Protein chains: 2
Amino acid sequence: MASARQYAGGANGNRSLERGIEILRAFRPGVDTLGNGEIAERTRLPRSTVSRLTKTLVKFGMLDEVPIERNYRLAAAVLSLGHGFRMGSPVLKVLGPLMRAESTRRRLNVGLASGDRTMMVYLESIRYNPRPTLRSIVAGQQVPMELTSLGRAYLAALPDAARDRLIGQFKRRNAAVAKTLNADVQKSIRAVKRYGYCAVSWQPGVLAVATPIVLDGLPVYALNMSMQDIEPSEALSAEMGEYLMAFADRCKHTLSGPRDELFQA
Amino acid sequence: MASARQYAGGANGNRSLERGIEILRAFRPGVDTLGNGEIAERTRLPRSTVSRLTKTLVKFGMLDEVPIERNYRLAAAVLSLGHGFRMGSPVLKVLGPLMRAESTRRRLNVGLASGDRTMMVYLESIRYNPRPTLRSIVAGQQVPMELTSLGRAYLAALPDAARDRLIGQFKRRNAAVAKTLNADVQKSIRAVKRYGYCAVSWQPGVLAVATPIVLDGLPVYALNMSMQDIEPSEALSAEMGEYLMAFADRCKHTLSGPRDELFQA
DNA sequence: TCGCCTGATTCCACTTAGTGGAAATCAGGG
DNA sequence: CCCTGATTTCCACTAAGTGGAATCAGGCGA
């Protein structure tokens with residue numbers, strides 16, 4: 001007898017699809033391959049259900065089987081989707097070239113990100129290096145929202161309800177440091193509201209500043225600049241903040257110019 | 001009364017999940033945003049069903065709503081998945097650095113791709129340019145399997161059944177040129193089997209050569225080299241073929257060395 | 001080599017979750 | 001303000017999905 005608890009089905013969504021997506025999301029950087037058992041544990045789904053869903057995901061190209069180890073890894077189709085996302089993003093289309101030029105001009109890293117649950121996802125992260133061949137561009141990398149300037153700038157621009165919901169999740173996730181962390185987050189958010197940007201050094205020797213980009217009818221983005229192998233200081237923060245705000249102004253100007261292009265092909 | 005035709009459900013898969021994935025796949029480069037109506041047309045699904053599934057996809061971060069136009073676009077989470085795929089790919093982990101070095105050394109484009117349905121998907125495409133700042137790396141781009149050296153090398157290495165299924169799809173898709181195209185494809189496949197690689201010029205002024213990479217327990221990959229703004233010729237094909245085969249040998253050697261690393265973290 | 005043992009897959013009766021046509025709602029333009 | 005075209009919600013229906021139990025496969029130790 002199925003003891004299944006109710007799923008508020010009907011018009012509210014689709015349970016199987018939700019579960020399938022959760023399975024895909026169980027594959028994060030660091031966990032390259034997962035077997036049905038591990039997936040079942042992580043997603044807290046019955047094993048038979050997982051078995052069926054992974055089969056479907058394989059059939060539709062989202063997962064590859066690794067028969068030798070009886071497990072799965074993400075398949076090439078997810079990369080196409082990611083590429084589609086980047087190509088379809090009007091903001092990236094406009095800001096990408098500007099960001100690359102600015103990275104070279106200022107000799108620092110420039111990034112554009114948006115939120116996904118409790119993480120920030122880089123649409124593009126341009127890693128500056130004095131040697132041109134060592135510069136690189138990364139897309140899709142995740143960084144924690146509550147610990148980074150990027151995430152805090154994003155939070156500052158979010159509608160109150162959404163922000164509060166997220167902050168609740170940070171607390172639940174890491175109750176130990178919730179107090180002090182929350183204070184830091186609030187401070188950054190106030191900084192964004194007052195000065196337009198916030199500065200955070202969450203990795204030793206790295207200083208980052210970030211500012212939100214808000215466009216009507218589009219998700220909130222955050223733009224950052226960062227340098228590594230430096231000594232974080234007030235003065236440096238202020239200087240990078242200047243650069244960032246000047247750049248963000250140019251970005252917003254460019255974005256608001258041919259606004260139609262944002263929504264047309 | 002639901003006139004729904006049977007879906008061979010049960011152990012064979014999950015219909016809702018299939019449909020949800022098809023909706024995501026409807027967003028291809030070129031179609032940045034889609035409304036529920038267009039999605040319904042393209043996927044041939046009932047509108048109410050699409051409405052429910054898109055709602056779920058939004059809730060789980062795979063789609064963003066564009067309320068102003070009442071439609072959807074791919075969301076940041078798909079980019080994370082793509083990044084996860086790249087980070088989790090043991091082959092790319094090993095070959096990426098080699099490919100970048102080889103691109104610089106030989107002054108040409110180097111790419112690694114795998115198949116997704118009837119398209120090839122670049123895990124990495126390194127675009128050589130004399131000016132280092134203009135070099136770029138792209139991931140996730142799709143190119144047609146039957147028209148490219150990449151795709152034909154891939155086909156040549158596929159198990160017979162899978163290859164025949166795909167060739168059937170090419171024919172169905174474009175019955176007009178099926179004859180001549182099929183001959184070309186077969187010729188390329190024979191070239192791969194005889195010489196290890198095939199050469200194709202499917203874009204004017206661009207010549208590409210490709211060879212398959214087959215590893216036990218992993219999907220088939222194809223490695224290519226290409227040059228643009230040149231005059232395709234037999235001699236050039238042969239030269240690039242030499243380079244490619246030499247490089248592929250090094251790749252295979254590197255891959256088979258620490259084989260464990262392919263499957264371990 | 002053989003048989004245990006762990007984990008994946010398939011089976012199957014149950015019923016909930018999903019379906020799709022129709023009605024209601026919404027947004028936008030004339 | 002009403003009309004129009006599209007989208008969302010409603011709702012009765014039942015097929016599709018579910019999950020526990022049985023079966024199967026494959027690796028390991030004896």
Side-chain angles (χ1 to χ4, degrees), chain A residues 1-23 26-27 31 33-60 63-73 216-217 260 263-264, chain B residues 1-23 26-27 31 33-60 63-73 216-217 260 263-264:
Chain A
M1 64 213 69
S3 70
R5 55 278 153 109
Q6 237 85 302
Y7 171 77
N12 304 303
N14 180 296
R15 189 173 59 159
S16 312
L17 180 52
E18 290 182 359
R19 290 171 163 191
I21 294 173
E22 278 312 317
I23 289 177
F27 292 84
V31 322
T33 70
L34 286 173
N36 279 334
E38 290 164 291
I39 295 173
E41 278 176 43
R42 281 164 202 259
T43 57
R44 311 207 149 267
L45 293 174
R47 316 197 116 178
S48 47
T49 300
V50 170
S51 186
R52 262 176 281 126
L53 294 176
T54 51
K55 191 177 294 185
T56 301
L57 290 168
V58 168
K59 190 161 66 160
F60 280 68
L63 291 180
D64 277 333
E65 285 191 79
V66 187
I68 195 172
E69 282 293 342
R70 264 159 168 258
N71 51 22
Y72 302 92
R73 60 164 31 102
D216 211 52
D260 296 332
F263 295 105
Q264 304 298 335
Chain B
M1 66 210 68
S3 71
R5 54 275 151 109
Q6 236 85 300
Y7 171 77
N12 304 302
N14 181 295
R15 190 172 59 158
S16 312
L17 180 53
E18 290 182 0
R19 291 171 161 189
I21 294 173
E22 278 313 315
I23 289 177
F27 292 85
V31 324
T33 70
L34 286 173
N36 279 334
E38 290 164 291
I39 296 173
E41 279 177 43
R42 281 164 202 259
T43 57
R44 311 210 150 265
L45 292 174
R47 316 200 115 165
S48 48
T49 300
V50 170
S51 186
R52 264 176 279 126
L53 294 177
T54 51
K55 191 178 294 185
T56 302
L57 289 169
V58 169
K59 191 160 66 160
F60 279 69
L63 291 181
D64 277 333
E65 284 190 80
V66 187
I68 196 171
E69 281 292 342
R70 267 165 164 255
N71 51 22
Y72 302 92
R73 61 165 27 102
D216 210 53
D260 297 331
F263 294 106
Q264 304 298 337

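In this text, all values refer to a predicted model and were calculated from it rather than measured experimentally. So you know, we letter chains A, B, ... as the sequences are listed, proteins then strands, and number each from 1.
- For D:dT7, the OP1/OP2 oxygens have no side-chain nitrogen or oxygen of B:Lys55 closer than 4.0 Å.
- In terms of the side-chain contact (heavy atoms from CB on, under 4.5 Å) criterion, residue partners of A:Thr54 (sequence neighbours excluded) are, by chain and number, A:Ile23, A:Asn36, A:Ile39, A:Val50, A:Leu63, A:Tyr72.
- For B:Asp64, there are no side chain to side chain donor-acceptor pair (under 3.5 Å) partners at least two apart in sequence or on another chain.
- Where A:Ser16 and A:Glu65 each meet DNA chain C at their nearest nucleotide, the meeting point lying more 5' is that of A:Glu65.
- B:Glu38 meets the side chain to side chain donor-acceptor pair (under 3.5 Å) test with no other residue; sequence neighbours excluded.
- Relative to the axis of its first five pairs, the axis of the last five pairs of the helix from C:dT1-D:dA30 to C:dG30-D:dC1 sits at 40°, rounded to 10 degrees.
- Residue B:Asn14 places at least one side-chain N or O closer than 4.0 Å to OP1 or OP2 of D:dT18.
- With sequence neighbours excluded, no residue forms a salt bridge (charged side-chain N to carboxylate O under 4.0 Å, His left out) with B:Glu41.
- Contact of B:Arg52 with C:dG20 (side chain to base): a donor-acceptor pair of N or O atoms is detected under 3.5 Å.
- Candidate nucleotides C:dT19, D:dG19, D:dT9 were compared by shortest atom distance to the side chain of B:Ser48, and D:dT9 ranks first.
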Any protein N or O atoms within reach of nucleotides 5-8 of chain C? Criterion: under 3.5 Å, listing atom names and distances.
unit_1: C:dA8; atom_1: OP1; unit_2: A:Gly37; atom_2: N; d: 3.2

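- Close to C:dG20, at under 4.0 Å from its OP1 or OP2, lies a side-chain N or O of B:Arg19.
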